[in-house]
Amino acid sequence: TIAGISINPTTGELRIDSTLASNDYYESVTITDSLGYKETISILIRVNAKATIPSTSALVTTAGITTVFAAPTTTGGTGAITFELRGNATGTTAENRSGFSINGVTGELTVQSTVPADTYTLYIRLTDSLGVSNMKTATLVVNQVMRFSGLETVTSTVGRTFTTGALTILGGSGSRTFSTTSLGSGATVNTNTGAITLPDTLAVGLHYETITVTDASGANSETQIVIQINQLPTLSGPGTLTTTRGLAKLSTAFVATLGTQPYTFTVTGGSRGISINSSTRQVRVAETTAAGTYIETVTLTDARGATKQE
């Protein structure tokens, strides 16, 4: 005989002690009648482990939405398993926090949209068809509501294609997907990074687009962006700069308007010692420049690559 397994000699009822470890046990049961005739049968006694939910990663969602987590996979127990949220690890107190509920039959956990962002420990009691219970703890992470950071206006120059950097999103859970509700501008958004591309066909003026981001939990956030398309840059400045060899000379500043700042300036023509300062916008002729007449071109390039020459 195996310790922890016994039989009532009168009724034939088998008794399995609660201390018996989960395992398969093989026993022989013998019945003897009043004339001493005996019959023996072999039986399998299967003691299941207590019902539990295998260790899993934290449950993650985003504040502001109602999330229903899929029914968990359970192991152990005998027959149907029922589920209940409790207030502590031993299950001796009731769950009194609002916003959490569990389906008693399937184990699906529902987190309401009213639950604030925080990290929570949940205590789940699993009970099998024989009334044997077991406690399982689960970690729930509720992340902050998503919001866009630092994006309100996108500026470019007419005739230029421009792509912004990746958008910055605060809060939310897991990977994010971006989309745009086009209002006719033709702007597109990278679904993975949120980078916005403006086509070169946009007319001068203001355009508007709505960008939506959706996270892995299904939460979403929207923002409207203003697209400002500037006219092509203009450039004017001194047509002539005269000096004497050996004397460095600065021109008056070139004047730039329109386009998209900041500007950069270059001077081309191949003449040694002639340069331009992008900050002061002044052409400088060095004292080492040989005597002669030089035809130089000053090029303004704006932040979106549009150019103007003078």
K.L.:
Enumerate donor-acceptor pairs with a distance under 3.5 Å from any side-chain N or O in residues 63-70 to protein atoms, sequence neighbours excluded.
P.N.:
{"residue": "T66", "atom": "OG1", "partner": "Q112", "partner atom": "OE1", "Å": "3.4"}
{"residue": "T66", "atom": "OG1", "partner": "S113", "partner atom": "N", "Å": "3.2"}
{"residue": "T67", "atom": "OG1", "partner": "T61", "partner atom": "OG1", "Å": "2.5"}

K.L.:
Could you tell me whether the side chain of D128 and the main chain of V132 form a donor-acceptor pair under 3.5 Å?
P.N.:
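Such a contact is found between D128 side chain and V132 backbone.
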
K.L.:
Within a strict 4.5 Å, meaning less than it, do heavy atoms of the H207 and I229 side chains meet?
P.N.:
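Side chain of H207 against side chain of I229, heavy atoms only: contact under 4.5 Å found.
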
K.L.:
Please report the closest heavy-atom contact between V213 and M146, naming both atoms and the distance.
P.N.:
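For V213 and M146, the tightest heavy-atom pair comes out as O-CE, 3.5 Å.
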
K.L.:
If we ignore hydrogens and angles and just use 3.5 Å, is the side chain of T137 paired with the main-chain N or O of Y123 as donor and acceptor?
P.N.:
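Checked: no pair found.
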
K.L.:
Minimum heavy-atom separation for I124 and F83, please, with both atom names.
P.N.:
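For I124 and F83, the tightest heavy-atom pair comes out as CG2-CD2, 4.3 Å.
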
K.L.:
Answer whether the closest heavy-atom distance between the side chains of V47 and N23 falls below 4.5 Å.
P.N.:
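In short, these two side chains do not touch, never coming nearer than 4.5 Å.
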
K.L.:
Is R86 salt-bridged to E84, going by a charged N under 4.0 Å from an acidic O?
P.N.:
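Result for this pair is yes, salt bridge flagged.
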
K.L.:
Please tabulate, for side-chain N and O atoms in residues 243-253, each donor-acceptor pair with protein atoms closer than 3.5 Å (sequence neighbours left out).
P.N.:
{"residue": "T243", "atom": "OG1", "partner": "L247", "partner atom": "O", "Å": "2.9"}
{"residue": "K249", "atom": "NZ", "partner": "T242", "partner atom": "O", "Å": "3.1"}
{"residue": "S251", "atom": "OG", "partner": "V283", "partner atom": "N", "Å": "2.9"}

K.L.:
With side chain to side chain donor-acceptor pair (under 3.5 Å) as the criterion, how do T260 and N230 come out once you've worked through the C-alpha distance, each side chain's angles and the decisive distance to 0.1 Å?
P.N.:
CA-CA 7 Å; T260 304; N230 296 319; 3.1 Å; yes

K.L.:
Mind running side chain to side chain contact (heavy atoms under 4.5 Å, CB included) on T234 and L232 for me, showing each step along the way?
P.N.:
CA-CA 7 Å; T234 66; L232 290 170; over 6 Å; no

K.L.:
Can you name the side chain to side chain donor-acceptor pair (under 3.5 Å) partners of D24, sequence neighbours left out?
P.N.:
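Scan of D24 (side chain to side chain donor-acceptor pair (under 3.5 Å), adjacent residues dropped) gives R46.
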
K.L.:
Any ring-ring contact (aromatic ring centres under 6.0 Å, His included) involving residues 227-265? Give me the pairs, sequence neighbours left out, ordered by first then second residue.
P.N.:
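Sorted pair list comes back empty.
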
K.L.:
Just to verify, what does Y120 make a ring pair (Phe, Tyr, Trp, His ring centres under 6.0 Å) with, not counting sequence neighbours?
P.N.:
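With neighbours one apart ignored, the set is F100.
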
K.L.:
Measure across T157 and P233 and return the closest heavy-atom pair with its distance rounded to 0.1 Å.
P.N.:
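Minimum heavy-atom separation between T157 and P233: CG2-CD, 4.2 Å.
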
K.L.:
I102 versus L85: any side-chain heavy-atom pair under 4.5 Å?
P.N.:
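Of all side-chain heavy-atom pairs linking L85 with I102, at least one is under 4.5 Å.
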
K.L.:
Do the side chains of I211 and I169 join up, straight or via other hydrophobic residues, at under 4.5 Å, putting them in one cluster?
P.N.:
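In one cluster with I211: I169, yes.
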
K.L.:
Is there a side-chain contact between L206 and V226 in this structure, where contact means two heavy atoms from C-beta onward sitting under 4.5 Å apart?
P.N.:
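Of all side-chain heavy-atom pairs linking V226 with L206, at least one is under 4.5 Å.
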
K.L.:
Between the side chains of E27 and Y25, does any donor sit under 3.5 Å from an acceptor?
P.N.:
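Note: E27 and Y25 side chains miss the donor-acceptor criterion.
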
K.L.:
Other residues, nucleotides and ligands only: do more than 12 of their heavy atoms fall within 6.0 Å of CD1 on I295?
P.N.:
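No, CD1 of I295 has 12 or fewer neighbouring heavy atoms, counting only those of other groups under 6.0 Å.
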
K.L.:
Is a donor from one side chain sitting under 3.5 angstrom from an acceptor on the other, for N48 and S22?
P.N.:
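There is no such pair (donor and acceptor under 3.5 Å, judged by atom type) between the side chains of N48 and S22.
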
K.L.:
Of all heavy-atom pairs between Y26 and I2, which one has the smallest distance, and what is that distance?
P.N.:
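Minimum heavy-atom separation between Y26 and I2: O-CD1, 4.1 Å.
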
K.L.:
I7 and V29: side chain to side chain contact (heavy atoms under 4.5 Å, CB included), yes or no, with the steps?
P.N.:
CA-CA 9 Å; I7 191 168; V29 177; 3.8 Å; yes

K.L.:
Can you tell me if N220 and E222 form a side-chain donor-acceptor pair at under 3.5 Å?
P.N.:
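No, E222 and N220 have no side-chain donor paired with an acceptor closer than 3.5 Å.
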
K.L.:
Side chains of T75 and T52: any donor to acceptor distance under 3.5 Å?
P.N.:
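Their side chains do not contain a donor-acceptor pair, so the 3.5 Å distance test is not met.
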
K.L.:
I'd like a table of donor-acceptor pairs (distance under 3.5 Å, sequence neighbours excluded) in which one partner is a side-chain atom from residues 194-201, with atom names and distances.
P.N.:
{"residue": "T197", "atom": "OG1", "partner": "T163", "partner atom": "OG1", "Å": "2.9"}

K.L.:
Go through the structure and list residues passing side chain to side chain donor-acceptor pair (under 3.5 Å) with T127, not counting sequence neighbours.
P.N.:
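So T127 forms a side chain to side chain donor-acceptor pair (under 3.5 Å) with S133.
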
K.L.:
Considering residues at least two apart in sequence or located in another chain, which fulfil the side-chain contact (heavy atoms from CB on, under 4.5 Å) criterion with S275?
P.N.:
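Applying side-chain contact (heavy atoms from CB on, under 4.5 Å) to S275 gives R284.
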
K.L.:
Taking the side chain as C-beta and beyond, is there a heavy-atom pair between I276 and V298 under 4.5 Å?
P.N.:
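Counting from C-beta outward, I276 and V298 do come under 4.5 Å.
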
K.L.:
With side chains defined as the heavy atoms from C-beta onward, is the minimum distance between I43 and L14 less than 4.5 Å?
P.N.:
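Yes, their side chains come closer than 4.5 Å.
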
K.L.:
For residues 92-101, pull every pair meeting salt bridge (Lys or Arg N to Asp or Glu O under 4.0 Å), keeping only residues two or more places apart or in separate chains.
P.N.:
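Applying salt bridge (Lys or Arg N to Asp or Glu O under 4.0 Å) to every pair that reaches into residues 92-101, excluding sequence neighbours, yields E95-R97.
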
K.L.:
Run the numbers on T193 and F178 for side chain to side chain contact (heavy atoms under 4.5 Å, CB included), then give the verdict.
P.N.:
CA-CA 7 Å; T193 67; F178 297 86; 5.7 Å; no

K.L.:
Just to verify, what does Q282 make a side chain to side chain donor-acceptor pair (under 3.5 Å) with, not counting sequence neighbours?
P.N.:
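If we apply the side chain to side chain donor-acceptor pair (under 3.5 Å) test to Q282, skipping adjacent residues, the hits are T280.
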
K.L.:
Can a side-chain donor-acceptor contact be found between T181 and T210 if the only test is distance below 3.5 angstrom?
P.N.:
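Absent: no donor and acceptor within the cut-off.
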
K.L.:
Enter the distance from T180:OG1 to I225:CD1 here, rounded to the nearest 0.5 Å.
P.N.:
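T180 OG1 to I225 CD1: 6.5 Å, rounded to 0.5 Å.
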
K.L.:
Who passes side-chain contact (heavy atoms from CB on, under 4.5 Å) against T139, sequence neighbours left out?
P.N.:
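In terms of side-chain contact (heavy atoms from CB on, under 4.5 Å), with neighbours along the sequence ignored, T139 is linked to A58, T119, V141.
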
K.L.:
Just checking, is any N or O donor in the side chain of D215 or T62 under 3.5 Å from an acceptor N or O on the other one?
P.N.:
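On atom types as modelled, these side chains qualify, holding a pair under 3.5 Å.
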
K.L.:
Drop me the distance from K38's NZ to T32's OG1, to the nearest 0.5 angstrom.
P.N.:
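Spacing of NZ (K38) from OG1 (T32) equals 5.0 Å.
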
K.L.:
If you take all heavy atoms of G186 and E209, which pair is closest and at what distance?
P.N.:
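Closest pair (atom of G186, atom of E209, distance): N-OE2, 4.2 Å.
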
K.L.:
Kindly say whether A306 contributes a backbone atom to a donor-acceptor pair with the side chain of D302 at under 3.5 angstrom?
P.N.:
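Yes, because the side chain of D302 sits within donor-acceptor range (under 3.5 Å) of the backbone of A306.
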
K.L.:
I'd like to check V158 versus L202 (side-chain heavy atoms, cut-off strictly below 4.5 Å). Are they in contact?
P.N.:
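When only atoms from C-beta onward are counted, L202 and V158 do not touch, as no gap falls below 4.5 Å.
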
K.L.:
Run the side chain to side chain donor-acceptor pair (under 3.5 Å) test against D17 and tell me which residues pass, sequence neighbours left out.
P.N.:
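Only R15 meet the side chain to side chain donor-acceptor pair (under 3.5 Å) criterion with D17.
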
K.L.:
Could you check T299, T266, T268 and say which one makes a side-chain hydrogen bond (donor to acceptor under 3.5 Å, both in side chains) with Q309?
P.N.:
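Passing option: T299.
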
K.L.:
Under 6.0 Å from the NZ atom of K136, do we count more than 12 heavy atoms belonging to anything else shown?
P.N.:
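Yes, enclosed.
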
K.L.:
Side-chain heavy atoms under 4.5 angstrom apart, residues restricted to Ile, Leu, Val, Met, Phe, Trp, Tyr: same cluster for L126 and M135?
P.N.:
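Different hydrophobic clusters.
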
K.L.:
Please find the pair of heavy atoms, one from L20 and one from A3, that lie closest to each other, and give the distance.
P.N.:
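Between these two residues, the closest heavy atoms are CD1-O, 3.4 Å.
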
K.L.:
Could you walk me through whether T168 and F148 satisfy the side chain to side chain contact (heavy atoms under 4.5 Å, CB included) test, starting with their C-alpha distance in whole Å, then the side-chain angles of each, then the deciding distance to 0.1 Å, before giving a yes or no?
P.N.:
CA-CA 6 Å; T168 299; F148 288 82; over 6 Å; no

